[in-house]
Participant: 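Quick one: the structure is below, and I'll ask about it shortly.
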Amino acid sequence: MRRVLIDDVEPGMILGRSIFSEANNLVLAAGKELDPQYIKRFRELGYSSVFIEEKGFESVNPMEAISTTTRTVAERAVLDGIEKMSNAIRMKTETESISREMLQEQQKVFSLPNSNELSLAVAHIVRDVIESNVTLVDVFAELTHETYIYRHSVNVAVLSVLLGRKFGFTSKQLRELSLGALLHDIGKVCMPRILGRPKRDLDEDEIETFKEHPVFGALIVKNTNPSLFTEYFTVLHHHEWQNGNGYPQGLTGDNQPPTRSGQRPSEKIFRFAEIVSVVEAFDNLVNGYGELPRPLTPADALGTIISLSHKRFNQNVCHAFSQIVCLYPTGSLVQILDCSQPKYNGFFAVVKEQNFDSTRPVVILYADTEGSRVKPFTLDFMDDPRLRLRLMG
Ligand SMILES: [Fe+2]
Ligand SMILES: [Fe+2]
């Protein structure tokens, strides 16, 4: 299969990966033929690309760090928590606005009623990541306006666990990191006006409210289970900056690696939060929920993160993250700008699989410089230092 931009999708194409709408309702299953109605629906849902089955690309099969079942279990758990808490908040308040004091006083009301479901989701995620052997972040679920609030949380949890594994965390630490990551934005549930909206769309008042979400989220975690210390600090500190310019407390970091046994002074940013901070910014940038209104390519998003390392993000985390991000995701369309066999310069190809060096993947060439189809053939660029590719979508 290959990834096709939504504007290039045509009726008659065969869907390669199933498409879901909000709350994980199936819109169209993999293997079905597309018609104009479905293409319109995908666009309405906010998908910018879909996977298509096509002759010549049967061997292209993007690997995922977690199974579809695990993703479904995790997304349901987060969505369930959000919905149940939202209902509780609506029942308790007429204005839908809640103060910190209310959260502190009414611990039972403002707590997650489905902590078992969330623990199960976390166990699934950690097990899948450990077993999957995926070392590069290849495909992660695309966000749409309807799925953002829970899908972003699951993406962040998966990427965080991959990073935690790289830093040698124990299984227990990975579960704590994963739960903290899943709940990092849960505080937004107390702010229905801004829930699901990107920060760039908010007015000044709304931004002040937005900046409270780490505190509200941490209180929800504490109300749910007071023994969740690591998760509490992960949620509370995920918008703090290394140089102290973050919020809510303006804590500083020391840019040290967040290793398995590394303990930090308590006045510094909690190390799990430093991981979540990088990962959640990346997920927002590649999905168009960051500072810019359009999605960035993985390479551009990574470049943005690296440019903010040391000041905003822990530089060790950024470095580790740059080693697990796939710049040319499997299934995506690329153009060869330069390579050791100049006759292929300008050709178009689909990324077949990743090499250890993610800048030099294995590709299937399928069109010449004019875009005319050629018989598809495979080229492995692992040992080509001249290779330069352009991601086309
Ligand atoms: Fe956040
Ligand atoms: Fe977030």
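All ligand and atom numbering here is 1-based and tracks the order in the structure. Remember, it's a predicted structure, so these values are computed and weren't measured experimentally. Along the sequence shown, the residues carry numbers beginning at 1.
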Participant: Backbone N or O of Arg388 within a donor-acceptor pair of the Asp338 side chain at under 3.5 Å?
Facilitator: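 Side chain of Asp338 to backbone of Arg388, a donor-acceptor pair under 3.5 Å: no, none is there.
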
Participant: Enumerate the side-chain hydrogen bond (donor to acceptor under 3.5 Å, both in side chains) contacts for residues 210-226, please, sequence neighbours excluded, ordered by first and then second residue.
Facilitator: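 Residue pairs with at least one partner in residues 210-226: Arg100-Glu212, Asp185-His213, His213-His238, His213-His239, Asn225-Ser227.
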
Participant: Hey, what's the ring geometry for Phe272 with Phe270, parallel, tilted or perpendicular (30° and 60° as the breaks)?
Facilitator: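 Rings of Phe272 and Phe270: tilted, as their planes differ by 30° to 60°.
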
Participant: Do any pairs count as a ring-ring contact (aromatic ring centres under 6.0 Å, His included) and have a residue in residues 107-131, sequence neighbours left out, and if so which ones?
Facilitator: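 As it turns out, there is no ring-ring contact (aromatic ring centres under 6.0 Å, His included) pair with a partner in residues 107-131 once direct neighbours are skipped.
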
Participant: What protein N/O/S atoms lie closer than 2.8 Å to the Fe ion (ligand 1)?
Facilitator: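 Those protein N, O or S atoms (cut-off: under 2.8 Å from the Fe ion (ligand 1)) are Asp185 OD1, His213 NE2, His238 NE2, His239 NE2.
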
Participant: Run the side chain to side chain donor-acceptor pair (under 3.5 Å) test against Lys172 and tell me which residues pass, sequence neighbours left out.
Facilitator: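 Result, side chain to side chain donor-acceptor pair (under 3.5 Å) vs Lys172: Glu176.
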
Participant: Give the C-alpha distance, both sets of side-chain angles, the deciding distance and a yes or no for side-chain hydrogen bond (donor to acceptor under 3.5 Å, both in side chains) between Asn284 and Tyr148.
Facilitator: CA-CA 10 Å; Asn284 281 332; Tyr148 175 75; 2.8 Å; yes

